[in-house]
Amino acid sequence: MGRILRSVNPDKPVNCQHTSSISRSPVNAMNDVIIQCFNDYFNFPVTEQEIAEGHFKVFKTDKKDFLVREGSVATDYFLILNGYVRTFYIAENGVEVTIDILRTGEFASSMYSILKKAPSFENIQCISPCTVCRISEASFEKLAVSNSKWIDFGMQSLKAALLKKEEKILSFGKLKGKERYAKLMTERPDIIQHVPVQYIASYLGMQPESLSRIRS
């Protein structure tokens, strides 16, 4: 079973792909990681003052740790600084159905649970050891009140999430399994390399045996 998130060891600064902060103090190095990730993946400026106000918490996880569990009320957004995460639900027959696969530079959250303040119907689990930056909904609201740039950021993030979901729906409606796999391999080849085949198969709406035949 997955375990609870644990805090990052401040003596071991983490990297967002290629940041280099060896000469900085652990706290400043961690701030650099957050600032660089927002800049690299969203072209969005985050200030050291905003970080100093305590809105961002960085954690490390192990493989199979949960960020959100089904039935809990979610309150946080998770920016993946390194690693791979999946969202899934458990069907009536007990089968885990993967809804989404997320990677470095993407946000993971149970949006329904956060906005409705209701129990989550999905699980968010780390596929690999991960480093994540946690931002609570309450902190995001405070940031939005203090600076309207965060409202714009929220809108852009919401649009990106909705577009991704719509593209998946269209993909399932128009493309065959082999074509869906080819599309994923073209657009996100790192997922093919780093995510277990059973999760990829579920995400693409097929059995692992069918995906294995396509890959062979």
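Treat the numbers as computed from the prediction; the structure is a model and nothing was measured. All values below come from the heavy atoms of this structure, side chains included, with hydrogens, waters and symmetry mates left out.
- Expressed to the nearest 0.5 Å, how far CD of Q198 lies from OG1 of T98 amounts to 8.5 Å.
- When all heavy atoms are compared, the tightest approach of T186 to P189 is O-CD, 3.8 Å.
- The minimum heavy-atom distance linking V46 with I35 is given by the pair O-CG1, 3.5 Å.
- For K142, the NZ atom counts as loosely surrounded, since its 6.0 Å shell holds 12 or fewer non-hydrogen atoms of other residues, nucleotides or ligands.
- L143 and L115 fall within a single hydrophobic cluster, where Ile, Leu, Val, Met, Phe, Trp and Tyr are joined by side-chain heavy atoms under 4.5 Å apart, directly or via other members.
- Within a 6.0 Å radius of OH in Y89, other residues, nucleotides and ligands contribute 12 heavy atoms or fewer.
- Rounding to the nearest 0.5 angstrom, the gap separating the CD1 atom in I80 from the CG atom in L67 is 7.5 Å.
- For Q207, the CD atom counts as loosely surrounded, since its 6.0 Å shell holds 12 or fewer non-hydrogen atoms of other residues, nucleotides or ligands.
- For D190, the CG atom counts as densely surrounded, since its 6.0 Å shell holds more than 12 non-hydrogen atoms of other residues, nucleotides or ligands.
- No donor-acceptor pair closer than 3.5 Å links the side chain of S202 to the backbone N or O of Y199.
- Residues passing the side-chain contact (heavy atoms from CB on, under 4.5 Å) test with L175 are S171, E179, R180, K183, sequence neighbours excluded.
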Query raised in the report: Please walk me through it: do L163 and E167 pass side-chain contact (heavy atoms from CB on, under 4.5 Å)?
Result: CA-CA 6 Å; L163 180 60; E167 286 179 341; 4.0 Å; yes
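- Checked by atom type and distance alone, the side chain of T75 never pairs as donor or acceptor with a backbone atom of S136 at under 3.5 Å.
- Distance check: F107 CZ to C133 SG gives 7.5 Å after rounding to the nearest 0.5 Å.
- Here the shortest heavy-atom pairing between A201 and L211 reads N-CD2, 3.6 Å.
- Both F56 and Y77 are part of a single hydrophobic cluster, where members link through side-chain heavy atoms under 4.5 Å apart.
- Judged purely by distance below 3.5 Å, without hydrogens or angles, the side chains of D40 and Q36 pair a donor atom with an acceptor atom.
- Put simply, the side chain of V197 reaches to within 4.5 Å of the side chain of R215, judged on heavy atoms.
- Atom CD of E53 sits about 9.5 Å away from atom OG of S139, to the nearest 0.5 Å.
- Residues D76 and I114 approach most closely at O-CD1, 3.4 Å, considering heavy atoms.
- Ring-centre distance between F38 and F153: below the 6.0 Å cut-off.
- The existence of a salt bridge linking K164 and D100 is confirmed by a sub-4.0 Å separation between a basic side-chain nitrogen and an acidic carboxylate oxygen.
- A single hydrophobic cluster is not seen to contain both F66 and I101; linkage of ILVMFWY side chains at heavy-atom distances under 4.5 Å, directly or through other members, places them apart.
- The aromatic rings of F140 and W150 sit perpendicular, their planes meeting at an angle over 60°, well past the 30° parallel limit.
- The two residues E106 and R188 come nearest to each other via the heavy atoms OE1-NH2, 2.8 Å.
- The two residues A74 and S113 come nearest to each other via the heavy atoms N-OG, 2.8 Å.
- A heavy-atom distance below 4.5 Å is not found between the side chains of V33 and V58.
- Counted within 6.0 Å of NZ on K116, heavy atoms from surrounding residues, nucleotides or ligands total 12 or fewer; the atom is thus considered open.
- Distance check: F78 CZ to L102 CG gives 12.0 Å after rounding to the nearest 0.5 Å.
- Side-chain atoms of Q125 come within 3.5 Å of backbone atoms of K64 as a donor-acceptor pair (strictly under, hydrogens ignored).
- Between S128 and K63, the closest side-chain pair of non-hydrogen atoms is not below 4.5 Å.
- Here the side chains of E122 and V68 are not in contact, with every heavy-atom distance at 4.5 Å or above.
- Note on Y84 and M185: same hydrophobic cluster, where clusters join Ile, Leu, Val, Met, Phe, Trp and Tyr whose side-chain heavy atoms are under 4.5 Å apart, directly or indirectly.
- Both F42 and L81 sit in one connected hydrophobic cluster of ILVMFWY residues. Membership requires side-chain heavy atoms under 4.5 Å apart, directly or through other members.
- Here the straight-line distance linking atom OH of Y181 with atom CE of M206 works out to 9.5 Å at 0.5 Å rounding.
- Between E70 and N123 there is a side-chain heavy-atom pair separated by less than 4.5 Å.
- E96 has its side chain within reach of R86: a pair of non-hydrogen atoms, C-beta onward, lies under 4.5 Å apart.
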